[in-house]
Amino acid sequence: AAGDGLADIVGRKYGKNSPWPFMPSKSVVGTAAFVIGGFLASGAMLWWFVSSGCVVLPDSDSNSVMGCIIKLLIVSIAAAAIELVPIADDNITVPATSAVLTALLFGCV
């Protein structure tokens, strides 16, 4: 939700001169804001849930701090990419993609 909201706000204000060639209604600037906003919000939520004990990550080297950062960045980039594809309502495809990819990357399935 944070990424999509920032993409709209930042894209409208600063993205007029940077449309995607295959999706002119969306901008490169807006997509970058999506990735950054989604990554920061996901990182903050993960930190909060783990530090409060609500979530316990499986023990593995890939769930180190750097491993988590890389995984959250992958999820954020994938969510932004799915948002660019007009296959279905992005209010469904983006959260679904994020949830499935997060579960797979963090070993929660």
Side-chain angles (χ1 to χ4, degrees):
D4 200 19
L6 275 176
D8 183 43
I9 293 167
V10 173
R12 285 179 196 260
K13 179 136 176 103
Y14 301 106
K16 291 177 177 60
N17 296 324
S18 66
W20 285 103
F22 55 87
M23 181 62 67
S25 64
K26 305 211 183 248
S27 69
V28 174
V29 173
T31 301
F34 187 112
V35 171
I36 293 166
F39 172 75
L40 292 175
S42 298
M45 285 189 291
L46 181 62
W47 173 82
W48 182 36
F49 290 146
V50 169
S51 66
S52 67
C54 293
V55 171
V56 177
L57 295 175
D59 285 332
S60 73
D61 289 340
S62 68
N63 284 335
S64 65
V65 172
M66 185 54 71
C68 288
I69 288 171
I70 291 168
K71 290 174 185 181
L72 291 176
L73 191 56
I74 290 168
V75 172
S76 299
I77 291 169
I82 290 296
E83 201 255 346
L84 289 172
V85 181
I87 55 174
D89 183 358
D90 65 358
N91 292 316
I92 295 170
T93 58
V94 169
T97 300
S98 299
V100 169
L101 195 52
T102 298
L104 291 172
L105 288 175
F106 282 92
C108 301
V109 290

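Quick caveat, the model's predicted, so the values are computed rather than measured.
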| How many angstroms lie between atom CG of L6 and atom CD1 of I36, to the nearest 0.5 angstrom? | 9.0 Å
| message | Same cluster or not: W47 versus V56, using hydrophobic residues (I, L, V, M, F, W, Y) connected whenever any side-chain heavy atoms lie under 4.5 Å apart? | response | no
| How long is the gap from CG on D8 to NZ on K13, to the nearest 0.5 Å? | 13.5 Å
| message | Does D89, at its CG atom, have more than 12 non-hydrogen atoms belonging to other residues, nucleotides or ligands within less than 6.0 Å? | response | yes
| Joint hydrophobic cluster, I74 plus M66, side-chain heavy atoms closer than 4.5 Å | yes
| said: Can you give me the closest heavy-atom contact between S27 and G11, atom names plus distance? | reply: OG-CA, 3.6 Å
| query | Is there side-chain contact between I70 and L105, with heavy atoms separated by less than 4.5 Å? | reply | no
| request: Could you tell me which non-hydrogen atom of G38 sits nearest to which non-hydrogen atom of S76, and how far apart they are? | output: C-OG, 3.6 Å
| field | Among V10, V94, I77, V29, the one residue meeting side chain to side chain contact (heavy atoms under 4.5 Å, CB included) with F34 | value | V94
| query | Are F39 and F49 co-members of a hydrophobic cluster defined by side-chain heavy atoms under 4.5 Å apart? | reply | yes
| From I69 CD1 over to L73 CG, what is the distance, rounded to the nearest 0.5 angstrom? | 9.5 Å
| Closest approach of A2 to A41 (non-hydrogen atoms, all atoms of both residues) | CB-CB, 3.6 Å
| task | Side-chain contact test, heavy atoms from C-beta onward, threshold under 4.5 Å: evaluate it for F106 versus L72 and give yes or no. | result | yes
| Reported CG-to-OG distance for the pair L46 and S51, which is rounded to 0.5 angstrom | 9.0 Å
| Among T93, V35, D90, which residue meets the side chain to side chain contact (heavy atoms under 4.5 Å, CB included) test with E83? | D90
| Test item: V75 and S42 side chains (from C-beta on) under 4.5 Å apart, heavy atoms | no
| Are W48 and L40 joined in one hydrophobic group, where the rule is that I, L, V, M, F, W and Y side chains link up if heavy atoms are under 4.5 Å apart? | yes
| Can you hop from I82 to V100 via hydrophobic side chains spaced under 4.5 Å? | no
